Amino acid sequence: MRLGLALGYWGRGPDPRHLELAQEAERLGYHSVWTAESWGSDAFTPLTWLAAHTTRIALGTAVAQMAARTPTATAMQALTLDHLSGGRMMLGLGLSGPQVVEGWYGRPFPKSPLTATREYVEVIRQVLDREAPVRLDGRYHPHPYAGPDATGLGKPLKPIVHPLRADLPVLLGAEGPKNIAQTVRIADGWLPLYWSPSRTELYQAALADARDGFMVAPMTQVRVCTDVAEGLKPVKAMLGFYIGGMGHSARNFHADLMARFGYEAEARRVQELFLAGRRGEAIEAVPDAFADEISLVGPRERIAERLELWRKGPITDLLALAPDLRTLRVLAELAG
């Protein structure tokens, strides 16, 4: 099981610790470092900055939002950074949800998310292959565009730049069972948002046909501390925000995922409190048991014991949301 460092996206501004954490992760032998985006900082610019200040560590987006760019624009950014970094790029993509897609990007959320995702990945594959001009008779991402408002002058094109690697890894952040199963078919890896090493049966059927080399790389909050309850507070805060605020009360993929983990009533309660403006109570309503099973929090000995559970499953890469250098170093020692 390889280690990765997940830095997420910025809050109010750039986090001054990120570069130091990435450089220390590289020194410690971490395989990868990952950036994200929501509706603030983008994923590719910080990753390029990290690329310029490191030499070996692999670089990934976990995740870049599909609604933010056309698939060809995403492919251009990926192949450009792959060249500049000497072949270290990994492209992690996510569809996001209706609240963000329509509210922030001003685009309709696809009625068929699976089809939209499949077409998006297909266009990127064609760009990276560079065997012929990009052509796709798609519902969401047709190339050339031939809609009712088209000029009819669209011309199939292939990238001017020769991609460094046609097999640049493409990973997907998928949550639903059908989406995960499709990810196994069309992508090089899966980026689970929540992972419980004690509930691997939830993913067993979807991952049954995964080929050799397929990456399973969950993002996990890791924190070395003496007080477990105190260490779980940031995990609960994240869960409260995602489950309560990252979606509509009638359509929230994160709340649905928590429900599949066996916490349906608790998920709906968190949503209810958050949407009523009672955010502190929503965070408190997140069960400690749920926060604990999807994270690695506590004293070194406790993390070492629980880490063995993570090793036994299908995980290939553990992407640690590690907030400090001590945690980064302890995890490297335990995983080594």
Side-chain angles (χ1 to χ4, degrees), residues 6-11 34-47 60-78 90-124 138-141 170-183 186-195 206 217-221 237-260 267 270-271 274-275 294 319 321:
L7 296 174
Y9 46 78
W10 298 350
W34 303 74
T35 56
E37 60 190 9
S38 54
W39 52 89
S41 59
D42 77 286
F44 288 99
T45 307
L47 199 61
T61 54
V63 293
Q65 294 180 327
M66 289 183 248
R69 307 162 191 86
T70 65
T72 46
T74 297
M76 287 197 299
Q77 288 195 274
M90 295 184 289
L91 180 60
L93 301 169
L95 194 60
S96 193
Q99 185 182 48
V100 175
V101 173
E102 298 183 357
W104 179 248
Y105 293 114
R107 303 180 62 182
F109 188 77
K111 289 184 171 57
S112 177
L114 291 177
T115 301
T117 299
R118 186 168 59 252
E119 290 181 7
Y120 201 99
V121 172
E122 171 60 23
V123 171
I124 288 174
R139 175 179 175 184
Y140 296 101
H141 301 291
V170 176
L171 301 90
L172 294 174
E175 295 183 25
K178 292 181 180 179
N179 204 349
I180 298 169
Q182 174 173 269
T183 297
I186 69 173
D188 302 300
W190 173 39
L191 295 161
L193 181 61
Y194 311 138
W195 179 273
M219 288 168 280
T220 306
Q221 291 210 38
M238 176 272 294
L239 288 170
F241 175 64
Y242 273 74
I243 293 161
M246 290 282 269
H248 190 271
S249 60
R251 194 169 189 183
N252 183 312
F253 302 134
H254 307 295
D256 293 343
L257 180 58
M258 182 177 171
R260 286 196 293 276
V270 170
Q271 273 191 299
F274 195 96
L275 295 174
I294 65 168
L319 310 186
L321 287 156

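Quick caveat: nothing in here was measured; it's all calculated off a predicted structure.
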- [ ] Go through the steps for Gln182 and Arg118 under the test side-chain contact (heavy atoms from CB on, under 4.5 Å), then give the verdict.
- [x] CA-CA 8 Å; Gln182 174 173 269; Arg118 186 168 59 252; 2.7 Å; yes
Of the non-hydrogen atoms in [X] and [Y], which two are nearest, and what is the gap between them?
| X | Y | value |
| --- | --- | --- |
| Phe44 | Ala64 | CE1-CB, 3.9 Å |
| Met66 | Arg107 | O-NH1, 4.2 Å |
| Ser96 | Val101 | CB-CG2, 4.2 Å |
| Ile124 | Leu91 | CD1-CD2, 3.9 Å |
| Thr183 | Gly189 | CG2-O, 3.4 Å |
| Pro46 | Thr35 | CB-CG2, 4.2 Å |

Does any non-hydrogen side-chain atom of [Y] lie less than 4.5 Å from one of [X]?
| X | Y | answer |
| --- | --- | --- |
| Tyr105 | Trp39 | no |
| Thr220 | Tyr194 | no |
| Leu114 | Asn179 | yes |
| Glu119 | Val123 | no |
| Leu172 | Leu191 | no |
| Met219 | Trp195 | no |

Donor-acceptor pair, side chain of [X] and main chain of [Y], under 3.5 angstrom:
| X | Y | value |
| --- | --- | --- |
| Asp188 | Leu171 | no |
| Arg260 | Glu175 | yes |
| Trp190 | Ala174 | yes |
| Gln65 | Leu95 | no |
| Tyr140 | Ser112 | yes |
| Arg139 | Ala116 | no |

Open item on the list: With no hydrogens and no angle check, just 3.5 Å: does a side-chain donor-acceptor pair link Thr74 and Tyr120?
Closed with: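 Distance-only check passes for Thr74 and Tyr120.
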How long is the straight-line distance from [atom2] of [Y] back to [atom1] of [X], given to the nearest 0.5 Å?
| X | Y | atom1 | atom2 | result |
| --- | --- | --- | --- | --- |
| Phe274 | Gln271 | CZ | CD | 10.5 Å |
| Tyr9 | Ser41 | OH | OG | 9.0 Å |
| Gln77 | Thr45 | CD | OG1 | 7.0 Å |
| Ile294 | Leu193 | CD1 | CG | 7.5 Å |
| Met258 | Leu239 | CE | CG | 7.0 Å |
| Glu122 | Ile186 | CD | CD1 | 9.0 Å |

Open item on the list: Ile243 vs Val270, test: side-chain contact (heavy atoms from CB on, under 4.5 Å). Steps then yes/no.
Closed with: CA-CA 7 Å; Ile243 293 161; Val270 170; 4.0 Å; yes
TODO: Using the test salt bridge (Lys or Arg N to Asp or Glu O under 4.0 Å), find all partners of Arg69 that sit at least two apart in sequence or belong to another chain.
DONE: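 With sequence neighbours excluded, Arg69 shows a salt bridge (Lys or Arg N to Asp or Glu O under 4.0 Å) to Glu37, given in chain and number order.
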